[in-house]
Amino acid sequence: MDYIDTLNEPQREGVLNTEGPCMLIAGAGSGKTRVLTYRIAHLIQSKGVDPFNIMALTFTNKAAREMRERIEKVIGPEARNLWMGTFHSVFARVLRAEAHHLGYPSNFTIYDTDDSKSLLRSIVKEMQLDDNVYKPNVLYNRISSAKNKLIGWQEYLANPELMGDDAANMRPEIGKIYRTYSLRCFKSGAMDFDDLLFNTDKLFREHLEVLNKYQHRITYVLVDEFQDTNLCQYNIIRKLASVRENVCVVGDDAQSIYAFRGADISNILNFERDYPDLKIIKLEQNYRSTQNIVQAANSVIKKNKAQLPKNVWTANEEGNLIELIKAVSDNEEGRLVASSIFEEKMQHQLKFSDFAVLYRTNSQSRAIEESLRRLNVKYKVVGGLSFYQRKEIKDILAYLRYTLNQQDEASFRRIINLPKRGIGDSTVDKIVVAANDHGTAIWDILQNPSPFVGGRAAAPIEDFVAMIKRFRLETERKDAYDCAFEIAKGSGLLRELYEDKTVEGLSRYENVQELLNAIKEFVDDKEREDKSLGSFLQEVSLLTSNDEDKDKDPDKVTLMTIHMAKGLEFKYVYIVGMEEDLFPSQMMLSSRAELEEERRLFYVAITRAEKRLFLSYAITRYRFGRLKNCEPSRFLEDIDSGFLRMSNKVGGGYQSTPSHSSGNSSYAKTLVSGIKKTITSKPVAPKPSAPAAYTPPADFVPSNTANLQEGMKVEHPKFGFGMVIQLDTSSPDRKARIQFDNFGEKTLLLSFAKLKIHN
DNA sequence: TGCACGTAACTTTTT
DNA sequence: GTTACGTGCA
């Protein structure tokens with residue numbers, strides 16, 4: 001029971017107060033994951049609750065995995081039996097078991113966003129609507145938010161307000177598209193991400209005996225990141241917990257950043273209303289950050305009107321002031337951030353993994369990446385295109401999915417002519433139209449296509465059908481790996497990729513091999529009972545880009561969006577792109593609520609930092625392919641200026657001209673209020689404690705390095721003097737290992753490094 | 001039907 | 001700076 005002693009008073013209460021409804025309002029860095037894990041451990045160890053009876057819901061696979069690992073450390077392998085996972089994965093499992101109640105096959109396909117959007121695209125085409133007006137993105141979001149609010153297509157069509165909105169927006173057909181989309185998904189035996197929740201709610205609503213079963217099986221419900229739940233999720237939680245009412249939710253309204261996809265903070269307020277006996281516990285002590293960071297964050301969030309009162313504080317050291325870096329361009333911003341990371345790492349003997357660069361949009365990563373590469377700083381970009389979203393992977397997966405479920409229209413469209421077998425768009429359209437006209441399945445048309453398609457396509461269709469039937473036989477006999485291998489080979493996809501000897505072709509082939517390895521790993525997992533292809537696909541559909549973190553080298557700077565950073569912490573954090581229209585995003589300025597969400601996003605970003613926080617902005621930036629002038633973000637003025645100072649890193653390429661200054665915070669104050677007016681604000685001198693960085697002479701002119709030889713003396717604008725100890729000219733990227741007098745040994749790319757040769 | 005090329009449109013966040 | 005789509009030709 002020793003772990004209880006390590007907790008503060010409210011934390012302990014959060015762990016021990018297990019019975020009845022309970023809400024933990026957990027400030028940033030207040031140790032909520034600790035409370036959740038100990039609470040579960042306590043339930044099992046001290047209260048004797050069977051892990052099978054506990055359901056713990058998170059929003060990301062990563063959070064679920066981490067929590068499971070932490071619980072396992074406390075209570076051992078029994079933790080494996082917990083119902084722990086994301087909302088989507090846990091209820092996908094439930095639906096898989098209960099699908100027949102809803103008329104779905106138990107091996108239903110899960111459509112990802114791309115699948116959904118392409119289905120929507122073809123529906124719009126069939127309905128002969130203008131695809132410039134009915135864009136897949138718009139439709140997807142509209143339908144998604146309806147489902148999140150438990151509005152099915154029937155309710156949508158019957159809702160005068162929604163229909164009126166659509167009419168006013170010149171998109172009166174959305175309701176009908178929603179209907180067609182839902183019916184087509186159903187016919188395809190497919191659910192999109194939102195359906196996993198929407199249909200769970202439907203299942204519990206329409207089949208009380210099923211609900212009852214789960215209500216009695218699950219005696220304790222825990223929900224992480226409660227502020228991110230939408231109405232649909234909230235309903236599911238309530239229904240599950242309505243018998244025992246042992247429901248514990250943990251959240252922080254100040255960190256609600258997913259309203260755009262249906263998260264509803266009012267769930268926090270409704271929770272109090274729905275459970276009058278609710279026990280509310282506030283975790284307000286921050287263990288993560290310095291006083292300066294905590295207070296700066298508080299000063300920002302204070303500007304929001306909508307929030308629950310709380311007082312986040314810390315007993316940690318005061319720490320450094322937050323530094324503001326100003327750059328003339330996005331590229332220079334990258335350079336300044338990269339060189340700052342480099343220098344801080346050197347000066348304080350940190351690891352690359354102590355640093356994170358956070359941005360509002362993924363597209364901002366490129367400039368940062370370039371600069372980090374030039375300084376040989378190792379980094380990883382989190383997010384972006386996931387492995388499972390690559391074309392070659394989706395192609396194989398579509399084959400696997402179609403083999404299991406011939407009703408799946410999205411997969412059908414993807415593979416029917418892949419590799420090319422002479423079944424073109426016109427034939428596919430004819431088949432789909434025929435199926436819809438006759439109310440039959442596409443698969444049925446394929447078995448007997450002659451009345452509907454041209455004679456030329458008949459033979460390849462027959463081959464296709466035979467091939468799929470062959471694959472289907474495999475799935476009945478073999479495990480996921482053997483099936484997948486046979487299908488990859490039998491479809492011709494593997495051969496086609498193998499024959500492509502271009503660089504991209506090679507990497508695509510390797511990716512497919514990697515997919516097959518992943519399936520092999522899945523099959524070889526001893527803990528796993530269900531090794532079928534269907535079970536693999538189910539799991540894979542719910543993976544995202546940040547679930548692939550099997551990086552061999554963990555010591556890297558992390559680059560990611562602020563959204564992805566929620567729940568993480570780093571010693572040093574750089575928030576880049578602090579500019580109007582970028583952060584806050586121009587798309588979020590139409591209402592106060594949206595602006596407040598952006599501000600909460602800023603709050604989340606600030607509170608990721610443990611020791612030091614840097615904010616940067618650029619005066620010009622390439623956006624939409626053209627150079628744009630930028631203004632500093634209004635959020636900079638939200639920070640109490642006493643916590644802020646101008647960095648000594650200044651723009652203008654590499655030459656820095658440190659000038660005299662007072663270096664106190666009143667100066668910072670003038671700086672901040674003057675940010676908007678002045679283009680050239682004076683930098684504050686570096687802290688006396690910091691060793692002075694090498695300052696190159698103003699007339700630094702790099703030499704041509706074509707004739708660089710080992711043993712030569714060189715000067716670098718950042719690292720000063722050094723000697724070339726090794727040259728690598730084996731690849732087009734010529735590199736030199738240089739022993740610098742004051743900065744140690746570096747390997748520099750000659751095409752980037754500015755070196756002056758001294759003879 | 002398939003391929004190659006040019007053009008346009010788009011970049012908020014994610015299970 | 002990217003990708004997806006449309007057009008025109010074989």
Side-chain angles (χ1 to χ4, degrees), chain A residues 57-64 85-92 110-114 116-118 121 125 131-132 135-138 140-141 144 147-148 191-198 225 228-230 232-233 256-263 330 358-367 369-370 382-386 388-389 391 416-429 453-454 456-457 460 539-547 560-566 577 581-589 594 597-598 600-602 604-605 621-627:
Chain A
L57 298 167
T58 64
F59 275 83
T60 64
N61 296 305
K62 203 172 158 199
T86 63
F87 276 90
H88 290 85
S89 71
V90 167
F91 293 117
I110 298 174
Y111 279 173
D112 69 13
T113 312
D114 290 338
S116 302
K117 285 181 187 169
S118 56
R121 203 174 290 124
K125 211 168 167 187
D131 56 2
N132 277 317
K135 292 181 187 151
N137 259 324
V138 173
Y140 182 83
N141 289 333
S144 168
K147 285 184 190 165
N148 291 160
M191 299 195 198
D192 66 18
F193 288 141
D194 300 309
D195 287 334
L196 294 176
L197 305 172
F198 185 83
E225 308 281 14
D228 290 337
T229 50
N230 59 38
C232 188
Q233 288 160 325
S256 163
I257 54 175
Y258 284 111
F260 72 92
R261 66 176 214 220
D330 47 357
L358 309 182
Y359 35 78
R360 179 67 232 270
T361 68
N362 279 310
S363 58
Q364 288 168 260
S365 73
R366 200 175 3 94
E369 287 182 66
E370 259 167 49
V382 179
L385 193 65
S386 132
Y388 290 99
Q389 281 175 298
K391 183 183 177 301
I416 179 64
N417 200 26
L418 196 103
K420 299 271 181 302
R421 53 173 69 89
I423 306 172
D425 290 346
S426 58
T427 307
V428 172
D429 287 345
V453 304
R456 192 147 54 119
E539 186 146 310
V540 140
S541 315
L542 295 171
L543 288 181
T544 58
S545 46
N546 50 338
D547 298 323
M560 61 183 152
T561 64
I562 301 169
H563 282 86
M564 303 282 302
K566 195 169 76 153
D581 290 351
L582 185 59
F583 192 24
S585 161
Q586 60 196 354
M587 317 191 81
M588 293 297 251
L589 297 175
E594 286 181 328
E597 172 142 323
E598 290 286 285
R600 289 193 294 272
L601 194 55
F602 187 39
V604 168
R621 177 178 299 276
Y622 273 97
R623 289 187 82 190
F624 314 107
R626 48 164 25 99
L627 194 66

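Each chain gets a letter, A, B and so on, in the order its sequence line appears, and its residues count up from 1. Owing to the predicted nature of the structure, the values given are computational and were not obtained by experimental measurement.
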Checklist entry - Atom NZ of A:K147 and atom C1' of B:dT15: how far apart are they, to the nearest Å? => result 13 Å

Checklist entry - So what does A:T113 touch, heavy atoms closer than 4.0 Å: a base, only the sugar-phosphate, or nothing? => result base

Checklist entry - The side chain of A:F260 lies closest to which of these nucleotides: B:dT15, B:dT13, B:dT11? => result B:dT13

Item to check | From B:dT15, C:dG1, B:dT14, nucleotide with atom closest to A:R366 side chain | outcome: C:dG1

Checklist entry - When the distance from NE2 of A:H563 to C1' of B:dT15 is rounded to whole Å, what number comes out? => result 13 Å

Checklist entry - OP1 or OP2 of B:dT11 less than 4.0 angstrom from a side-chain nitrogen or oxygen of A:N137, does that happen here? => result yes

Item to check | Residue A:R121, side-chain atoms from C-beta onward, closest of B:dT14, C:dC5, B:dT15 | outcome: C:dC5

Checklist entry - Expressed in angstrom and rounded to an integer, what is the separation of A:Q233 atom CD from B:dT14 atom P? => result 16 Å

Next on the checklist: Taking the side chain as everything from C-beta on, heavy atoms only, tell me whether A:E594 gets closer than 4.5 Å to A:L589.
Outcome noted: no

Checklist entry - Name the one of A:Y359, A:F583, A:F602 that satisfies side chain to side chain contact (heavy atoms under 4.5 Å, CB included) with A:I562? => result A:F583

Next on the checklist: What is the separation between atom CD on A:E225 and atom C1' on B:dT13, rounded to the nearest whole Å?
Outcome noted: 15 Å

Checklist outcome for this item: Heavy-atom nearest pair, A:A64 first then A:T58, reads CB-OG1, 3.5 Å

Checklist entry - Does the B:dT13 base have a donor-acceptor partner in the side chain of A:R261 within less than 3.5 Å? => result no

Checklist entry - Under a 4.0 Å N-O cut-off, is there an ion pair linking A:R366 with A:E369? => result no

Next on the checklist: Between A:S363 and A:I423, which residue's closest nucleotide on DNA chain B lies nearer the 5′ terminus?
Outcome noted: A:I423

Checklist entry - Looking at A:N417, does any N or O in its side chain come under 4.0 Å of the phosphate oxygens OP1/OP2 on B:dG2? => result yes

Checklist entry - Under 4.0 Å: is that the gap between some side-chain N or O of A:K135 and OP1 or OP2 of B:dC10? => result yes

Item to check | Atom pair distance, as rounded to whole Å: CD1 in A:I110 and P in B:dT15 | outcome: 14 Å

Item to check | Nearest-Å distance for atom pair CG/C1', residues A:N141 and B:dT15 | outcome: 14 Å

Checklist outcome for this item: The residue, A:F193 or A:T427, whose nearest nucleotide of DNA chain B is more 5′ is A:T427

Checklist entry - Can you find a side chain N or O atom of A:N362 that sits less than 4.0 Å from OP1 or OP2 on B:dT13? => result yes

Checklist entry - Say you draw a straight line from CD of A:Q233 to CZ of A:F59; how long is it, rounded to the nearest 0.5 Å? => result 4.0 Å

Next on the checklist: I need the CD-P distance between A:Q364 and C:dT2, as an integer number of Å.
Outcome noted: 17 Å

Next on the checklist: Heavy atoms only, 4.0 Å cut-off, all strands: where does A:Y258 land among base, sugar-phosphate and nothing?
Outcome noted: sugar-phosphate

Checklist entry - Is any side-chain heavy atom of A:L582 less than 4.5 Å from a side-chain heavy atom of A:Q364? => result yes

Next on the checklist: Rounded to whole Å, how long is the line connecting atom CG of A:D114 with atom P of C:dT3?
Outcome noted: 13 Å

Checklist entry - With a 4.0 Å cut-off on heavy atoms, is A:S585 in touch with a base, just the backbone sugar-phosphate, or nothing at all? => result nothing

Checklist entry - Is the shortest side-chain N/O distance from A:T58 to OP1 or OP2 of B:dT15 below 4.0 Å? => result no

